[in-house]
Number of protein chains: 2
Amino acid sequence: MKGLKPVKTRRTSEGILEQIKTLIIEGQLAPGDKLLTERELSERLQVSRASVREALSALNLAGILEIKHGEGIFIKRPEPNAVIEPLVFILLLEKDKVQNILEVRKALEVEAAGLAAERCPPELLRELEQIIEEMEATLPQGEGEKAAQLDLRFHLTLAQASCNPLISSLMNTIQEIIGQTLRITRALWLSATAGTTQRLFEEHREIYLAVAARDKFRAREIMYQHLWKVEVELARLLKHA
Amino acid sequence: MKGLKPVKTRRTSEGILEQIKTLIIEGQLAPGDKLLTERELSERLQVSRASVREALSALNLAGILEIKHGEGIFIKRPEPNAVIEPLVFILLLEKDKVQNILEVRKALEVEAAGLAAERCPPELLRELEQIIEEMEATLPQGEGEKAAQLDLRFHLTLAQASCNPLISSLMNTIQEIIGQTLRITRALWLSATAGTTQRLFEEHREIYLAVAARDKFRAREIMYQHLWKVEVELARLLKHA
DNA sequence: GCTTAAAGAGTGGTCATACCACCAGATTAC
DNA sequence: GTAATCTGGTGGTATGACCACTCTTTAAGC
């Protein structure tokens with residue numbers, strides 16, 4: 001029967017943390033709020049303090065709670081970091097699955113490009129223009145730290161210009177994961193992209209111009225082609241690494 | 001200084017779980033392996049069993065360990081589901097922002113359609129074909145439970161056909177969240193989609209045909225148009241709800 | 001009367017011990 | 001030879017004690 005899941009909550013600590021999560025999801029606890037103390041939870045739930053601590057420890061690792069020694073336990077504002085750590089852990093163990101995360105990134109970036117073309121506020125459009133100008137100014141220097149920084153700035157600003165905070169958060173998360181886990185030495189990457197700086201710049205500029213022209217289909221198409229080429233190149237590098 | 005993070009490991013249980021994770025990342029512990037017992041860990045690490053249990057509880061929630069009462073503690077094979085739970089939590093907290101979730105779904109579905117056109121295995125292509133046939137057979141019945149089930153099956157099978165387990169898992173999750181959180185009564189939805197069943201069917205069929213023809217750009221384009229219309233319609237409904 | 005230091009209360013953190021419940025393997029009985 | 005029982009080892013939970021941190025209150029000194 002689809003939709004039914006095996007009953008898996010069986011440890012006392014699991015029951016405790018499910019209740020706490022439910023309170024948060026239902027809005028009865030909001031970020032910044034203080035949770036009951038360990039002793040109060042223990043009393044209310046009729047369980048030992050050790051079981052309560054196990055549940056709180058798990059929620060702490062999951063980034064849901066912030067525990068302050070001598071002060072109390074506070075609800076954390078959910079942030080991408082809560083998703084990053086498990087993802088990084090998986091990617092560290094299954095490095096060949098980087099391709100999967102790159103495809104998710106491509107999906108989100110193409111959508112962001114289209115939405116940015118629809119919604120980009122003027123100040124972010126100016127910021128994109130400025131990034132493109134800086135990219136052009138650094139062309140004679142070839143690849144380097146500066147070019148990489150500008151590339152990242154461009155993509156993250158575009159995600160922000162989508163005016164969808166979920167996409168923006170996911171993009172921030174994914175870019176950080178990719179940055180942390182790709183096992184490509186800088187020299188290898190730089191040698192691989194040698195001669196393509198001009199092309200990358202032109203593609204970035206075309207994305208910007210499509211966004212500026214409010215042409216969402218063109219923005220999507222160019223971003224798709226741009227990232228498809230990047231994926232192909234990275235797949236080639238990974239195969240020979 | 002970029003790359004440096006505040007030293008945050010300070011609780012005994014945090015130190016324990018970091019060591020266990022390091023053993024796994026370095027390959028000294030592999031999925032399926034049995035971890036030392038709680039009492040052994042307590043002895044080796046010179047900490048109490050309660051601290052060990054706190055660490056293990058956290059790793060259990062994170063999907064890294066599998067704890068079997070009376071048997072032992074085993075290393076789990078990492079799976080995308082470990083990522084899903086924190087992501088689901090974030091999505092559930094921002095469920096009021098359904099529009100944002102729908103845009104993330106559109107991004108993933110369009111990418112899945114393109115990848116499915118490239119990679120769809122024959123058995124899934126046959127399954128898609130069968131779903132399309134069942135859709136055609138139920139057309140005279142109009143909207144209903146059957147049509148909704150077929151719609152969901154179509155989209156989830158397409159996600160599976162992308163051969164990207166991350167996309168597939170995310171899609172499963174997002175569909176479930178959308179199903180849980182959309183504040184649209186069934187009657188309202190059915191009345192809103194009255195007269196569009198034929199169009200929805202035709203769009204699904206065109207997506208299938210594009211996938212069958214291995215035309216990834218067309219698959220992407222039709223999926224994009226399909227979901228864009230759904231989003232527009234839902235936005236209209238939400239505004240009047 | 002104001003400032004500073006100490007005390008107190010409440011909080012989270014860790015530990016030791018005891019006992020329960022589950023599981024797999026070994027042993028015994030038929 | 002097979003099934004039932006026993007045993008030892010495992011995870012699960014509880015209780016109580018004490019430590020360390022933080023904030024508030026109170027008292028002492030100027």
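Below, chain A is the first sequence line, B the second, and so on; all start at residue 1.
To the nearest 0.5 Å, atoms CG (A:Leu61) and CD (B:Glu54) are separated by 12.0 Å. Atom CG of residue B:Asn164 and atom CZ of residue B:Arg119 lie 6.5 Å apart, to the nearest 0.5 angstrom.
Of all non-hydrogen atoms in A:Ser13 and A:Ser51, the two that sit nearest each other are CB-O, 3.7 Å.
Straight-line distance from the CD atom of A:Glu43 to the C1' atom of C:dG10: 14 Å, rounded to whole Å. Atom CG in B:Leu17 sits about 14 Å away from atom P in C:dG13, given to the nearest Å.
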Report summary line: Readout for nucleotides 14-26 of chain C: B = base within 4.0 Å of protein heavy atom, S = sugar-phosphate only, - = neither; 5' to 3' it is BB--B--BBSS--
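Although no hydrogens or angles enter the test, the distance criterion places no donor-acceptor pair under 3.5 Å between the side chain of B:Glu18 and the main chain of B:Gly15.
Nucleic acid contact class of A:Ile73 (heavy atoms, under 4.0 Å, all strands): sugar-phosphate only.
Of the candidates B:Leu41, B:Leu17, B:Ile64, B:Leu56 forms a side-chain contact (heavy atoms from CB on, under 4.5 Å) with just one, namely B:Leu41.
Using modelled atom types, one finds a donor on one side chain and an acceptor on the other under 3.5 Å when comparing A:Asn60 with B:Glu14.
Note that the first and last nucleotides of DNA chain D, 5' to 3', having any atom under 4.0 angstrom from a heavy atom of chain B are D:dG9 to D:dT13.
With sequence neighbours excluded, no residue satisfies side chain to side chain donor-acceptor pair (under 3.5 Å) with A:Arg39.
Taking 4.5 Å as the limit, some side-chain heavy atom of A:Glu134 sits within range of a side-chain heavy atom of A:Arg153.
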